[in-house]
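Heads up: the structure comes next, in structure tokens.
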Amino acid sequence: MPKLHLRRVFPVAVLALALVALAACGGDYPNSTFSKNTELNEGAVFLWDRMMLLGTIVFIVVETLLVYTIFKFRRREGGPAPRQIQGNAALEITWTAIPALILVFITVPTVRTIFENQRKAPAESLQVEVIGHQWWWEFRYPQYGIVTANELYLPVGKTVNFSLRTKDVLHSFWIPQLGGKRDLIANKVNHIWFTPKPEMDETALNGACVEYCGASHANMRFRTFTVTPADFEKWAAHQKTVALGSPAAAAAMAAADSAAKQPPIKTASLIPASSPAPHSASSSSPEVWVFPAEKMSDFNWPKTPLPATQFDESLLAAGDAAAGRALLTNPANLGKAPCLTCHVIKGETNYASDDNAKGPNLTHVGSRHTFAAGLYRLDAKTLALWIKNAPAMKPGSQMPTFGAGEYNPAIKAAVPAAAGLDDKQIADIVAYLRSLK
Amino acid sequence: MSNDRAHADHTHEHPTWKQYKWVALWLFVITVIEVWAYYIPSFVASKAFVPALLIMSAVKFTVVVMFYMHLKYDHQIFRRLFGGPLLIAGATVVAFLFLFGKL
Amino acid sequence: MASLAASPTHASAASTSEQTGLWSWLTTVDHKRIGMLYLYTALFYLLVGGLEALVLRTQLAKPNMGLISAETYNQVFTMHGTTMIFLVVMPLSAAFFNYLIPLQIGARDVAFPRLNAFSYWVYALGGLFITLPIFFGVAPNGGWFGYAPLSGPTYGGGFNMDFWVLGLQILGISSLAAAFNFITTIINLRAPGMTLMRMPMFTWMSFVVQFMVVLAFPVVTAALFFLQFDRFFGTHFYEVAAGGDPLLWQHLFWVFGHPEVYILILPAFGLVSEVLPTHSRKPLFGYNVMAYSGIMIGFLGFGVWAHHMFAVGMGPVADSIFSVATMLIGIPTGVKIFNWIATMYGGSLRFPVSMKFAIGLVAMFTIGGISGVMHASPPSDLQQTDTYFVVAHFHYVLYGGAMLGIFAGLYHYFPKITGRFMSERLGEWHFWLNFIGLNLTFFPMHFSGMLGMPRRIYTYDAGQGWDLFNLMSTSGTYMLLIAGLIFAYNFFTSRRNGALASNDPWGAPTLEWSIPSPPPEYNFAQIPEVTSRYPMWDLKAPDRMAGIKHTHADAAVIAEAHAVPVHEETERRTAQELGIPMPFPTIKPFMVALGIVILFSGLIVMHAGNFPLAMATMLGGAAFMVGSLYAWLTSPLE
Amino acid sequence: MSTAATAGAHEAHEHTHYTTTGLHHRKIAMWAFIGSECMLFGSLITTYLVYKGRSVAGPFPHEAWTSPDGKAFPAILDIPVTSASTFVLLMSSLFMVLALAAVENKGKPGYEGRLGSSKFWLAATAAAGATFLGFQAFEFTSFVHHGLTIKTNLFGSSFFTLTGFHGAHVAVGVLWLMTMLFIDIKRGLGPKDALNVDIMALYWHFVDVVWIAIFTLVYLIK
Ligand code: HEA
Ligand code: HEA
Ligand code: CUA
Ligand SMILES: [Cu+2]
């Protein structure tokens with residue numbers, strides 16, 4: 001066996017580390033924490049840079065001393081016996097004092113930044129409520145009366161004040177590109193605020209849950225779209241109405257004026273909607289505006305492999321939205337398609353309210369790009385597979401299996417063929433959901 | 001704590017019978033005052049109530065530890081074994097009360 | 001009192017205590033054999049924990065891998081953390097406490113030999129209790145810090161976390177009992193002349209650690225009791241619906257959890273402080289400061305726990321206080337680092353494998369320490385917490401610190417323990433593969449973390465910029481496995497076939513090297529008289545010790561020792577021949593431990609819904625425990 | 001955990017062996033154990049205090065409460081009764097020191113008769129401890145009758161756990177005292193047993209001291 005020498009290995013190790021560092025600078029890192037996209041993260045990056053500098057100096061000093069000592073004082077046979085030094089007060093005081101001094105340069109800006117970040121958010125901020133669920137995100141805009149899920153729209157140049165809470169266990173809300181995270185804690189409302197820089201318009205970002213929350217913690221992701229204020233208003237104006245554009249929803253549209261009369265969605269809002277919504281709900285249907293798909297980058301599109309679940313795809317093209325709507329909304333079908341006991345679709349007869357719905361609000365599900373907490377691309381086939389057997393696509397998912405004969409891994413039982421939905425019915429439901437723009 | 005064999009524990013003096021009884025009397029009297037204070041609504045409402053009670057129980061605590069547990073007379077090692085943890089425990093309790101908004 | 005030189009020495013590597021066989025191991029109260037039990041058990045769990053890491057890393061090698069399910073992954077990472085901390089590093093440290101502390105302070109055994117056996121058996125049985133469920137797919141799955149309410153009955157139903165809650169309670173009993181034992185041992189069984197400021201640095205660091213155990217474990221015990229009551233008796237400590245506060249768990253856990261990390265590292269620091277001076281032929285630089293900095297680290301360690309909770313929104317004042325307090329720990333730790341380097345500086349360095357590992361600790365721990373300080377700045381930590389950057393930090397301090405230090409200690413003390421050397425050649429391989437492997441595994445995690453990869457995820461999507469780093473980490477892990485296997489081979493073959501070692505193969509300065517390798521069961525035929533921090537150098541290298549002040553009394557003892565010619569005894573005497581009373585072997589500590597574990601198992605049965613059987617198990621376990629305890633307490637020690 | 005402390009008994013015949021400080025192993029271990037118990041009770045008391053006033057439903061310690069369905073619950077804590085039991089426990093500490101003095105000074109002048117009898121004082125201490133436990137049993141049952149169990153609310157959970165842990169410590173102490181009394185009756189305790197009694201006394205006083213804190217923090221401060 002070759003005798004390895006420090007002399008030979010050390011440079012190799014250093015080289016390897018340097019290579020890693022190089023690799024880190026070269027690639028495409030869509031979730032980098034080093035961006036300066038918000039004032040919040042500017043503070044963090046400033047501290048990081050300073051600590052990185054000081055840390056590197058400390059590292060180099062220590063390792064250089066170490067390596068120098070190792071080489072300089074290797075034992076030579078017959079060499080003189082080393083001087084027996086017990087210690088040296090001056091030296092020891094020095095290497096106590098210097099680190100203490102270094103720390104002053106870290107603690108002072110740290111404390112300053114802490115107090116800066118945790119000031120009260122400006123009063124005119126956009127309020128967003130983030131509610132964590134096992135394992136998806138609910139987003140509410142109390143100033144607009146919007147309840148949505150898994151896709152977050154933020155206007156650039158405007159401070160967003162998030163208030164965070166959870167329906168069950170702890171989660172943590174994080175968009176790496178925009179700044180540090182904040183935990184969602186039961187029996188507590190947390191806050192974090194920041195302002196996306198204007199140059200962030202038309203940007204799509206990934207976010208994630210970063211507090212371990214059970215089986216599908218890894219699958220609790222979300223998308224954030226930072227858009228111009230004008231686009232944001234367009235989006236919001238549309239989102240707060242009932243869904244548009246689908247022939248089947250036409251009936252619901254007829255009730256559009258009654259929607260205006262309807263009291264705004266009852267949400268146990270944490271933030272009083274003090275400032276009136278910029279656009280009051282109108283019966284005239286605003287145009288549909290969603291973040292343009294072509295502006296999304298490759299990393300925004302989920303690549304989660306699809307499950308082995310079979311689906312007769314030819315049915316999808318022929319999906320009948322009206323029939324799908326009937327399945328969902330006709331109380332007679334509640335046994336087979338109890339969707340509205342867990343989901344809310346504004347404008348339809350709901351059995352659940354926004355505050356006790358177990359699943360995401362589906363009012364505008366057709367206008368989303370991804371679903372199931374950013375795990376899948378929202379297209380007809382994937383949606384069909386989901387309705388057929390959600391737990392097979394997302395471990396532990398609280399959405400039950402509906403496909404006739406499908407095996408539900410969560411409860412280790414198959415759905416009786418008669419009780420489940422067949423592929424045709426699912427295709428109809430998909431058509432309806434997709435029409436909910 | 002160099003060579004601590006010099007003061008082995010049989011050399012120390014003990015508290016006496018008389019002290020024991022005085023201590024008991026003190027404990028009794030302070031307890032009576034504590035309970036009495038509890039029944040004076042105006043005192044309970046005053047700012048002094050909580051500190052007064054805390055001080056009284058701290059005195060009782062100390063008296064028992066010093067005399068009944070003869071820490072006052074015993075080897076200093078015991079004082080450290082007890083005092084250190086007590087300090088850290090006390091600090092931790094205070095820190096918790098602060099963190100949970102009770103202070 | 002006799003001088004060191006007069007104590008019998010012995011060159012053969014034959015095992016000291018002649019009794020072998022299972023029964024002798026079950027009943028032993030000899031601190032050295034108990035140390036060996038700890039060592040073997042913990043090395044076994046190192047393999048288990050390492051294989052768990054291997055599973056984790058293989059699943060993460062590439063995006064969207066399907067090697068194991070989410071649920072399995074969650075169980076494996078929870079068990080990996082729990083195993084490595086409670087069943088590997090703490091017990092490996094305990095192995096050294098047991099084996100070395102009495103030898104280093106010149107004692108024949110620990111203060112309470114049977115309590116010592118008890119500690120081991122509680123650990124061994126508790127380890128099984130918490131590990132076996134993985135074979136039934138019901139291993140703990142709430143993460144190693146079991147955050148409520150996910151660990152509570154509402155969201156953590158099933159048996160998984162039951163095993164965790166109860167298992168940690170059991171292991172806590174073991175650690176606490178051992179801590180009381182070692183505190184007493186170190187205070188009360190030091191040989192004449194060994195003042196606290198003459199104790200070997202390993203004993204010093206162990207002393208600090210015992211106090212940390214004594215203070216930290218009761219807190220997690222209380223926290224676990226609450227959780228246990230919630231799970232089994234319907235209380236509401238962490239139940240959200242009743243107003244319970246999940247942050248209470250977090251605070252209580254970390255009041256324990258942070259000191260715990262120093263409980264893991266300080267023994268390794270102690271070992272390194274033995275190895276470096278020996279192979280530098282120089283005394284430890286700044287002994288006093290090294291001791292005080294250890295105390296300082298231990299003390300400060302109790303005031304920084306909330307740095308694990310910067311994301312929970314404690315408010316700016318608390319954030320600032322905990323941030324500054326945390327950073328302060330960097331100062332005493334830095335002192336240690338620099339003093340180690342100064343110990344080597346100007347020395348005459350030799351590089352056996354133990355020395356390489358010791359230097360490895362100095363080099364690698366520094367990296368982990370610096371990333372620790374980066375965590376300590378909340379605005380920056382909010383970008384790091386719960387990402388792989390944290391995983392990188394704590395593996396640098398745990399693997400690059402604690403494990404490397406322990407390996408240094410193993411190579412260093414192997415000749416003392418077995419009378420034989422480990423192969424240096426294989427050791428070199430072990431070291432270099434470890435050194436490269438650990439950097440390859442954990443360095444890229446800094447990048448994946450800062451580039452947005454959360455921890456505790458069983459899978460991640462492609463295209464997030466993490467693929468390369470994960471692949472590197474995974475390949476590094478395989479390198480570590482190979483290193484580990486080489487080590488295991490070396491360890492087992494050297495025990496029987498290694499080159500023979502003398503009493504003092506390294507020319508080390510402390511008492512344990514004055515007695516035969518392996519030591520006789522009574523350790524010291526005569527309790528030695530300690531003349532300075534480096535009693536062995538006083539005798540063997542008087543010129544080296546010339547500059548060191550000795551009291552007149554000490555000088556006289558040394559002079560007397562030099563007057564007596566050193567005689568090697570060929571025949572090893574037994575304790576009986578020497579008239580040294582030895583404690584009787586006894587099975588009772590094992591039985592008490594067994595009773596405790598049975599008692600706890602009853603609660604699992606209760607959760608299974610069989611109340612009568614549960615009561616029977618618990619009462620049976622309790623009766624067995626109390627009966628054995630009574631028998632123990634009424635039978636004489638020796 | 002008390003096993004850890006008691007396991008020391010008979011562990012070493014220290015007097016025949018060399019010790020560094022001349023102190024007894026077991027006494028050192030006992031003080032270390034007591035130090036550790038400070039952290040345990042510190043955590044339990046803290047939890048009680050943190051959850052004070054956080055219960056979402058009554059009954060409450062110091063205020064009366066009417067449940068949503070109209071049932072009235074009085075304030076739970078009964079200060080007079082607890083004051084009495086506190087007094088009993090305090091006095092038990094006096095008995096304990098007298099028992100220790102009696103053992104240490106067996107046969108010396110001034111220690112004749114009942115007041116110098118270790119049996120008498122050990123029995124008195126055990127009896128006082130048992131009385132305290134009796135009070136606690138009474139207290140617990142009456143709370144349950146008033147609608148407060150360990151499952152009722154945060155107050156119930158933290159209160160019963162804290163005082164229950166303390167009660168368990170008292171119970172262990174009473175058993176220990178009775179064992180010692182049993183030995184005293186069987187063979188008589190003398191100065192050579194002083195260490196064993198001393199260690200037990202340390203434990204007992206510590207349990208008393210914890211109650212001093214609990215009584216003020218839990219019962220008296222509103
Ligand atoms: C052996 C174990 C060990 C050790 C010794 C340490 C040491 C330190 N740790 Fe670490 N830590 C862990 C184990 C350990 N840690 C674990 C397991 C976790 C994660 C738990 C979990 O979430 O699962 C963790 C997490 C953790 C966090 C929380 C991160 C998060 O979750 O967001 C923080 C935050 O402050 C932190 C800080 C520190 C600091 C400041 C030190 C300091 O003690 C380091 C001091 C050392 C040095 C600084 C280097 C040497 C000094 C010099 C050369 C002098 C000059 C230096 C300067 C001036 C900077 N650690
Ligand atoms: C001392 C503690 C310790 C040690 C040594 C290690 C060692 C390793 N850990 Fe550890 N790890 C933790 C403590 C530790 N870990 C903790 C506390 C967590 C957090 C858990 C949580 O989040 O709850 C964690 C989490 C954790 C994660 C994150 C999981 C996640 O968040 O999803 C990962 C991922 O890569 C990982 C990898 C590794 C690897 C590759 C090693 C390697 O270094 C392992 C190498 C070792 C071997 C391959 C075994 C070699 C075999 C031998 C030496 C045989 C000897 C045997 C005989 C002589 C019989 N660990
Ligand atoms: Cu939600 Cu992790
Ligand atoms: Cu920490």
Side-chain angles (χ1 to χ4, degrees), chain B residues 1-15 44 47 49-51 53-55 57-103, chain C residues 179-180 183-184 186-188 190-199 207-208 210-219 222-223 245-248 250-252 254-256 258-259 291 295 298-306 309 312-315 317-319 321-322 325 529-530 551 553-554:
Chain B
M1 224 185 296
S2 51
N3 209 341
D4 6 44
R5 290 172 73 195
H7 18 233
D9 73 342
H10 37 262
T11 57
H12 68 243
E13 32 174 340
H14 260 306
V44 173
K47 269 208 175 101
F49 177 65
V50 173
L53 277 187
L54 289 181
I55 290 170
S57 76
V59 171
K60 280 161 68 180
F61 189 102
T62 317
V63 165
V64 172
V65 172
M66 281 304 177
F67 293 94
Y68 282 179
M69 297 168 89
H70 43 79
L71 204 53
K72 183 160 183 278
Y73 304 93
D74 234 332
H75 199 288
Q76 49 156 336
I77 279 185
F78 298 138
R79 223 168 300 166
R80 291 181 192 182
L81 283 177
F82 181 67
L86 188 67
L87 197 81
I88 292 186
T92 311
V93 175
V94 173
F96 267 66
L97 294 180
F98 168 73
L99 286 164
F100 285 90
K102 299 270 171 177
L103 283 185
Chain C
F180 298 132
I183 287 177
T184 312
I186 295 174
I187 289 179
N188 225 18
R190 278 167 289 134
M194 179 169 288
T195 57
L196 287 180
M197 288 321 264
R198 279 182 179 178
M199 293 197 306
F207 196 40
V208 174
Q210 306 313 326
F211 282 101
M212 299 191 74
V213 169
V214 156
L215 294 175
F217 270 78
V219 183
D245 193 337
L247 293 184
L248 179 68
Q250 296 193 10
H251 280 296
L252 288 174
W254 290 117
V255 168
F256 150 79
H258 186 81
I295 297 173
F299 181 77
L300 288 175
F302 278 93
V304 303
W305 72 84
M309 302 168 57
V312 307
M314 290 182 292
V317 178
D319 277 0
I321 293 173
F322 282 106
E529 188 129 357
V530 178
T551 65
D554 290 335

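Throughout, a chain's letter reflects where its sequence line sits, starting with A, and its residues are numbered from 1.
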To the nearest 0.5 Å, what is the distance between CG (B:Leu87) and CZ (C:Phe299)? 6.0 Å
Rounded to the nearest 0.5 Å, how far apart are CG of C:Leu247 and CZ of B:Phe100? 6.0 Å
As a quick check of understanding, evaluate side-chain contact (heavy atoms from CB on, under 4.5 Å) for B:Leu81 and C:Ile183, giving each step before the final call. CA-CA 10 Å; B:Leu81 283 177; C:Ile183 287 177; 4.2 Å; yes
For the OG1 atom of B:Thr92 and the CG atom of C:Leu215, what is their distance to the nearest 0.5 Å? 8.5 Å
Taking every non-hydrogen atom, the tightest pair across B:Leu99 and C:Trp305: CD1-CZ2, 3.7 Å
Part of C:Val317 within contact of chain B (heavy atom distance under 4.5 Å): side chain
To the nearest 0.5 Å, what is the distance between CG on C:Leu252 and CZ on B:Phe96? 4.5 Å
Would you check if B:Ile88 and C:Phe211 make a side-chain contact, meaning some heavy-atom pair closer than 4.5 Å? no
